[in-house]
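Structure first, then comments.
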Number of protein chains: 4
Amino acid sequence: MKDSGKRVQSKRKIILDAAVQVFSTKGYHNTRMEEIATVAGIGKGTIYEYFDSKLQLFQAMMESSLQIYYNRIDMPKLETLTLEERLSVLFESHITFCRENKDLTRIVFWDTEIWDEDLKDWTYNLRNEKEEKLTGIIQDSIERGEIRNVDAKLLTLLIIGSLGSLWVPITLDDWDISPADMAAQLTDIIMKGIRK
Amino acid sequence: MKDSGKRVQSKRKIILDAAVQVFSTKGYHNTRMEEIATVAGIGKGTIYEYFDSKLQLFQAMMESSLQIYYNRIDMPKLETLTLEERLSVLFESHITFCRENKDLTRIVFWDTEIWDEDLKDWTYNLRNEKEEKLTGIIQDSIERGEIRNVDAKLLTLLIIGSLGSLWVPITLDDWDISPADMAAQLTDIIMKGIRK
Amino acid sequence: MKDSGKRVQSKRKIILDAAVQVFSTKGYHNTRMEEIATVAGIGKGTIYEYFDSKLQLFQAMMESSLQIYYNRIDMPKLETLTLEERLSVLFESHITFCRENKDLTRIVFWDTEIWDEDLKDWTYNLRNEKEEKLTGIIQDSIERGEIRNVDAKLLTLLIIGSLGSLWVPITLDDWDISPADMAAQLTDIIMKGIRK
Amino acid sequence: MKDSGKRVQSKRKIILDAAVQVFSTKGYHNTRMEEIATVAGIGKGTIYEYFDSKLQLFQAMMESSLQIYYNRIDMPKLETLTLEERLSVLFESHITFCRENKDLTRIVFWDTEIWDEDLKDWTYNLRNEKEEKLTGIIQDSIERGEIRNVDAKLLTLLIIGSLGSLWVPITLDDWDISPADMAAQLTDIIMKGIRK
DNA sequence: CATGAATGAGACTTCATTCAT
DNA sequence: CATGAATGAAGTCTCATTCAT
């Protein structure tokens with residue numbers, strides 16, 4: 001029983017990993033179920049034992065990828081940290097994560113065509129939750145007088161947007177600047193920009 | 001004869017407009033040629049009189065959209081302008097353009113799966129050209145001592161990324177801030193962040 | 001009126017000639033109406049002023065080609081000629097015709113997929129008529145004691161078959177033997193084969 | 001496992017047989033893949049598991065048909081046989097084959113529009129090989145003094161052409177002459193025609 | 001549980017034919 | 001009469017999904 005359960009669990013994982021690999025390389029529509037099966041080292045029919053359809057598999061993969069990403073780069077909750085420290089950690093963990101999980105990152109930052117309403121909502125909420133958290137932190141800093149009075153939402157977008165545009169050069173590896181440096185400079189610019 | 005020439009011209013345009021509309025809403029693979037034809041108010045076969053294939057139509061649409069966008073938001077060439085003035089114009093024209101051409105904007109900021117190598121290169125070069133121009137302007141400002149010494153490429157990414165993340169709330173219309181205000185605040189943050 | 005009639009007549013002929021050229025080169029299904037129009041130097045729609053459909057055009061072309069061929073190689077009616085003389089004339093006129101009308105010949109000897117029942121019947125009758133005439137001539141020769149008693153129909157097939165297999169090397173031009181020689185040798189073999 | 005292998009083999013064969021049947025009746029272009037599938041008693045898509053395309057299926061069918069035909073009517077290799085005996089065997093085996101494999105024969109003697117260069121070459125070589133063999137045998141007979149000096153290639157064409165024109169009445173069944181008789185008479189005519 | 005041969009819905013594309021000019 | 005832009009029926013082929021083994 002335990003074994004069986006474990007094996008099932010791990011086969012689901014194997015399929016999801018294969019899915020990340022293939023989907024992220026070729027996109028949803030150019031990916032054939034057979035190829036995922038091949039990469040996973042199993043038979044085509046077996047995927048359907050664990051996922052109802054191609055769409056469901058894609059969305060499960062999307063969900064798990066986003067979860068992994070957002071878990072990893074979650075902003076530190078410690079109240080004692082300043083905004084500057086938090087931004088620095090955010091940038092650095094984002095950059096490191098991208099470097100270490102290229103396939104996965106590509107998916108997270110894809111603006112894919114494949115969204116059914118449920119996944120759209122789920123993702124939207126997940127994203128929103130994070131954004132709102134960031135907006136909240138910024139708002140707090142303003143109220144605490146740590147930074148000057150800017151539109152918190154606008155600043156959130158500026159930060160999120162910067163993260164998004166970073167992954168291209170990061171994943172392409174054609175950059176001579178270290179993650180720590182990148183994070184430091186970005187933090188510096190933004191903090192100077194908003195400090196009183 | 002003149003009429004005929006004009007009609008042909010406009011029919012190509014009609015098809016491209018329909019393509020922008022449908023492709024941008026549903027994505028490449030979920031779009032059926034028949035639907036584009038229906039939206040264009042013509043027969044399915046007629047599209048093939050003007051474009052060789054679905055892919056070619058998509059790429060023609062992509063090309064024209066990017067051209068329109070980049071033409072519109074090109075940075076002012078006037079040497080007399082300061083970086084601050086230029087950034088302000090950039091942000092404002094971007095925001096205005098997004099508001100007025102929602103479908104088209106969605107396409108410009110798509111990271112679509114559908115690129116053949118030629119279009120990829122073409123787009124990459126177009127994008128790069130603009131980015132390099134911005135990078136150059138920043139580098140100039142640094143050398144002229146207008147701003148402090150930051151990594152010009154990194155700053156370019158920060159600006160481009162901000163533009164990219166803006167279009168979501170802009171096109172969703174759920175924002176109570178005016179384009180001019182938005183542009184002013186963003187310019188302000190960035191300029192404060194990089195000024196000596 | 002006369003002019004108009006004449007022009008119509010000649011345009012029909014122009015189209016038929018173009019049809020022979022294109023159909024014989026590319027076959028029925030690989031031929032586009034547009035190409036025939038181009039070769040004929042007229043507009044696509046104009047063909048339909050003279051022929052109801054592609055099939056009808058093909059069949060008209062077939063009919064005229066067969067007519068031309070059969071008219072040209074009809075066996076001489078002179079009662080005074082011997083079978084040997086007639087065969088010789090048959091072979092020689094066939095070979096000459098093939099040399100001079102390659103496109104047309106290709107059509108005549110094609111075993112095309114395109115036969116509707118009417119054309120099939122028409123062709124079958126035309127062919128049959130000629131074959132029966134030949135069979136009759138042979139039968140006469142037998143009865144007149146000119147040749148020995150062979151199955152006239154079988155001999156007809158042998159002769160017709162020989163004609164058919166000749167056109168390949170004839171039209172390919174890769175033969176060092178003159179038409180007259182070819183005709184003479186074939187006649188010789190056959191006549192020796194059936195003479196008493 | 002053994003069964004599975006066997007089934008696959010036979011399904012390819014089933015499709016080929018259906019293809020012979022339908023293609024030979026309707027020609028290449030008038031044949032729909034669906035019809036072949038229906039005749040084979042399988043689904044449309046299954047054909048594509050065994051053949052890449054309609055063209056490939058056609059050519060595979062052509063190849064196999066020609067192979068079967070040429071294998072069957074190959075001229076006896078025994079050196080002891082005279083030309084007369086060989087011709088007799090050739091005609092008789094041809095006639096018998098035609099009677100027993102009407103569909104297949106129709107294909108072998110088709111002068112179809114559907115040839116890509118590879119198949120054209122393959123077929124041309126196969127045909128040529130057989131023709132040259134026949135031409136060689138004739139040439140030998142001439143040199144051995146068995147028959148008189150005729151153009152060996154011309155005689156080959158005469159024989160091949162006769163074979164070709166025979167299949168029409170043979171497959172139409174409207175003939176009161178036995179295969180053996182037919183073969184005997186043809187051999188007789190030709191041998192008399194070329195004997196010293 | 002696992003498999004992969006079989007399936008058929010559905011999409012792109014071609015091209016004969018029409019008809020407004 | 002002549003034209004060629006427009007049309008849509010029809011055909012090939014793909015690939016997610018099923019199901020018998």
Side-chain angles (χ1 to χ4, degrees), chain A residues 4 7-8 11 28-38 40-58, chain B residues 1 3-4 7-8 11-12 15 29-38 40-57, chain C residues 4 7-8 11 28-38 40-58, chain D residues 1 3-4 7-8 11-12 15 29-38 40-57:
Chain A
S4 162
R7 216 182 307 127
V8 168
K11 188 157 286 188
Y28 181 78
H29 284 103
N30 294 321
T31 294
R32 316 279 151 248
M33 291 300 268
E34 183 141 35
E35 189 168 0
I36 295 176
T38 305
I42 58 171
K44 209 186 334 174
T46 309
I47 297 178
Y48 289 87
E49 297 281 328
Y50 298 87
F51 301 91
D52 284 347
S53 67
K54 186 185 181 183
L55 182 59
Q56 231 223 31
L57 169 59
F58 179 81
Chain B
M1 291 302 117
D3 272 347
S4 163
R7 217 179 308 125
V8 168
K11 184 148 293 181
R12 218 191 114 94
I15 295 170
H29 285 103
N30 295 320
T31 294
R32 315 284 146 237
M33 291 303 265
E34 187 141 35
E35 190 170 358
I36 295 177
T38 305
I42 58 174
K44 211 185 337 169
T46 307
I47 298 178
Y48 290 89
E49 297 277 326
Y50 298 87
F51 301 91
D52 284 347
S53 66
K54 186 184 181 184
L55 182 59
Q56 227 224 33
L57 170 60
Chain C
S4 162
R7 218 182 305 127
V8 169
K11 189 158 284 188
Y28 181 78
H29 284 102
N30 294 321
T31 294
R32 315 279 151 249
M33 290 301 267
E34 184 141 36
E35 189 169 0
I36 294 176
T38 305
I42 58 171
K44 211 188 332 177
T46 309
I47 298 178
Y48 289 87
E49 298 279 331
Y50 297 88
F51 300 92
D52 285 347
S53 68
K54 186 186 181 183
L55 183 59
Q56 230 224 30
L57 170 59
F58 180 80
Chain D
M1 290 302 117
D3 271 347
S4 165
R7 217 179 307 124
V8 168
K11 185 149 292 185
R12 219 191 114 95
I15 295 171
H29 286 103
N30 294 320
T31 293
R32 315 284 147 237
M33 291 302 267
E34 187 141 36
E35 190 171 357
I36 295 176
T38 305
I42 58 174
K44 212 188 335 171
T46 307
I47 297 179
Y48 290 88
E49 297 278 325
Y50 297 87
F51 301 91
D52 285 346
S53 66
K54 186 184 179 184
L55 183 58
Q56 226 223 35
L57 169 59

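Proteins get letters first, then strands, A, B, ... in listed order; numbering begins at 1 in each.
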Quick one: the dot-bracket string of DNA chain E, using Watson-Crick and G-U wobble pairs with both distances under 3.5 Å, [ ] for crossing pairs and | for bases paired to another strand. .||||||||||||||||||||
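- T31(B) comes within contact range of the sugar-phosphate backbone alone, with a heavy-atom separation under 4.0 Å but no base atom that close.
- Regarding contacts with the backbone of dA6(E), every side-chain N or O of K44(D) stays at 4.0 angstrom or more from both OP1 and OP2.
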Is there a side-chain contact (heavy atoms from CB on, under 4.5 Å) between L57(A) and I36(A) once you walk through the steps? CA-CA 10 Å; L57(A) 169 59; I36(A) 295 176; 3.9 Å; yes
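- With a 6.0 Å cutoff to the six-membered ring centre and a 45° limit on the axis angle, K54(C) counts as a cation-pi contact of Y28(C).
- Note: I42(B) CD1 to I47(B) CD1 = 5.0 Å, rounded to the nearest 0.5 Å.
- For E34(C), there are no side chain to side chain donor-acceptor pair (under 3.5 Å) partners two or more places apart in sequence or in a different chain.
- Toward the 5' end of DNA chain E, the nearer of the two residues G41(D) and Y48(C), judged by each one's closest nucleotide, is G41(D).
- Heavy-atom distances to DNA chain F give each of G45(C) and I42(B) a nearest nucleotide, and the one nearer the 5′ end belongs to G45(C).
- For E49(B) and dT3(F), the CD to C1' distance is 14 Å, given to the nearest whole Å.
- Remark: E49(B) engages no residue in a side chain to side chain donor-acceptor pair (under 3.5 Å) (not counting sequence neighbours).
- Phosphate proximity of dG10(E) to R32(B): absent, as no side-chain N or O sits under 4.0 Å from OP1 or OP2.
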